[in-house]
S.K.: 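Questions regarding the structure given below will be posed in turn.
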Amino acid sequence: MKTSLKLSAYGAALAVLVVGVYLVGTAVGPISDSSSPAGTAGHVDDHGAAAPEPGGLASTRDGYTLVPEATTVGSGIFAFTITGPGDAPVTAFDVVHERQLHFVVVRRDGTDFQHVHPQMDASGTWRVPLTVPAAGVYRAFADFAPTGGPATTLGIDLFAPGDFQPTAHTPSRSSVVDGYTVTLDGDLHSGALSPLTLSVSRDGAPVVVQPYLGANGHLVALRDGDLAYLHVHPRADDAPGSAVGFDAEVPSAGTYRLFFDFQVDGVVRTADFTVVTP
Ligand SMILES: [Cu+2]
């Protein structure tokens, strides 16, 4: 891709929406909203069943809207509200994986992933320190379950001014972060449940991961092209170990960026992979 592309043109090109891909796990959290009205509004596949639209493609869904205070980012406090039916900020959220809201930021080329946890004040304004490391267009996802409402992931674009150098990702199943090597085994199979295993080692020796947010690790998958957000959780019955298992399903072929959050010695790190479905 030419690096001289203007940010606006780049963002618009990637905003093209393709409906019909989702991931499911044994303990799928916020994306398991196939019973919601939005789920039934998805397209009908070849078998006559409605496929739920993936999360994160819209800034508003089921009456809930992600409203940022500002869309230009660099370093500082990022603030937003989630408005609900009636357009008032929502202040009641269910705790899912030990938090009321999970906030993920990634550049639209699939680079510089962050998973943070904003704090909400009594008025329903969420704030989090946010620093993006480079210029470009970023996608921000709020992943939450309003009390009494459907589990929802909303997405908005954020802009970091400056020259933008997009990164092309080639397929990769090994990721090194701060001396830890994480390897991904298993394939994403279109239309079938696909076991994935993420194994952590250091200097060739297995490393046992610590529980983080009520699980052995967290996996976010983003579809290349539109950044459909697919949040998958580990198998519930897995004991802590150096290998973390997930069950995932993608009903159509494609390229996905996978981001695996794991905790060792109290520090959470993220390993990233690029996987192409067979
Ligand atoms: Cu989170």
Side-chain angles (χ1 to χ4, degrees), residues 23-33 54-57 59 61 64 66 68 73 77-82 90-107 110-121 124-132 138-147 149-156 158 175 177 182 196 198 200 209-223 227-236 238 240 244-246 248 256-273:
L23 279 168
V24 296
T26 53
V28 170
I31 63 160
S32 60
D33 58 351
L57 294 173
S59 62
R61 187 169 182 176
Y64 295 91
L66 171 52
V73 292
I77 302 295
F78 181 75
F80 62 94
T81 56
I82 304 294
V90 176
T91 57
F93 295 84
D94 293 342
V95 172
V96 179
H97 295 283
E98 301 184 355
R99 294 291 189 280
Q100 287 185 304
L101 185 143
H102 301 265
F103 196 70
V104 164
V105 178
V106 67
R107 205 167 66 179
T111 304
D112 294 329
F113 176 95
Q114 300 186 51
H115 175 175
V116 296
H117 298 104
Q119 298 290 318
M120 184 183 69
D121 68 17
T125 299
W126 294 89
R127 291 184 179 83
V128 65
L130 182 66
T131 298
V132 297
Y138 288 78
R139 191 68 170 169
F141 303 95
D143 181 340
F144 59 92
T147 300
T152 302
T153 302
L154 301 176
I156 53 170
L158 302 175
S175 179
V177 49
V182 185
L196 300 177
L198 290 134
V200 183
V209 298
Q210 297 169 325
Y212 172 56
L213 299 174
N216 291 330
H218 288 263
L219 184 66
V220 170
L222 300 175
R223 184 171 53 192
L227 300 185
Y229 177 93
L230 312 151
H231 195 175
V232 189
H233 297 287
R235 292 186 199 120
D238 271 4
V244 184
F246 295 84
Y256 296 84
R257 290 280 290 151
L258 304 184
F259 300 92
F260 173 58
D261 293 329
F262 65 100
Q263 179 167 246
V264 177
D265 292 337
V267 178
V268 178
R269 297 178 174 86
T270 303
D272 67 293
F273 309 89

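Counting starts at 1 for both ligands and their atoms, in listed order.
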S.K.: Please state whether the separation between the Cu ion (ligand 1) and some N/O/S atom of His117 is under 2.8 Å?
M.R.: yes
S.K.: Assess His115: does it contribute an N, O or S atom lying under 2.8 Å from the Cu ion (ligand 1)?
M.R.: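 A backbone or side-chain N, O or S atom of His115 is under 2.8 Å from the Cu ion (ligand 1).
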S.K.: Among the N, O or S atoms of His102, which one sits nearest to the Cu ion (ligand 1)?
M.R.: ND1
S.K.: Taking atom types as modelled and ignoring hydrogens, do the side chains of Tyr212 and Asp261 form a donor-acceptor contact shorter than 3.5 angstrom?
M.R.: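 No, Asp261 and Tyr212 have no side-chain donor paired with an acceptor closer than 3.5 Å.
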S.K.: Mind checking side chain to side chain donor-acceptor pair (under 3.5 Å) for Asp112 and listing every partner two or more places apart, or none if nothing turns up?
M.R.: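 In terms of side chain to side chain donor-acceptor pair (under 3.5 Å), with neighbours along the sequence ignored, Asp112 is linked to no residue.
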S.K.: Angle class for the His115/Phe113 ring planes (parallel below 30°, perpendicular above 60°, tilted otherwise)?
M.R.: perpendicular
S.K.: Less than 4.5 Å apart, side chain to side chain, heavy atoms only: is that true for Phe93 and Ile82?
M.R.: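 Yes; the side chains approach each other to less than 4.5 Å.
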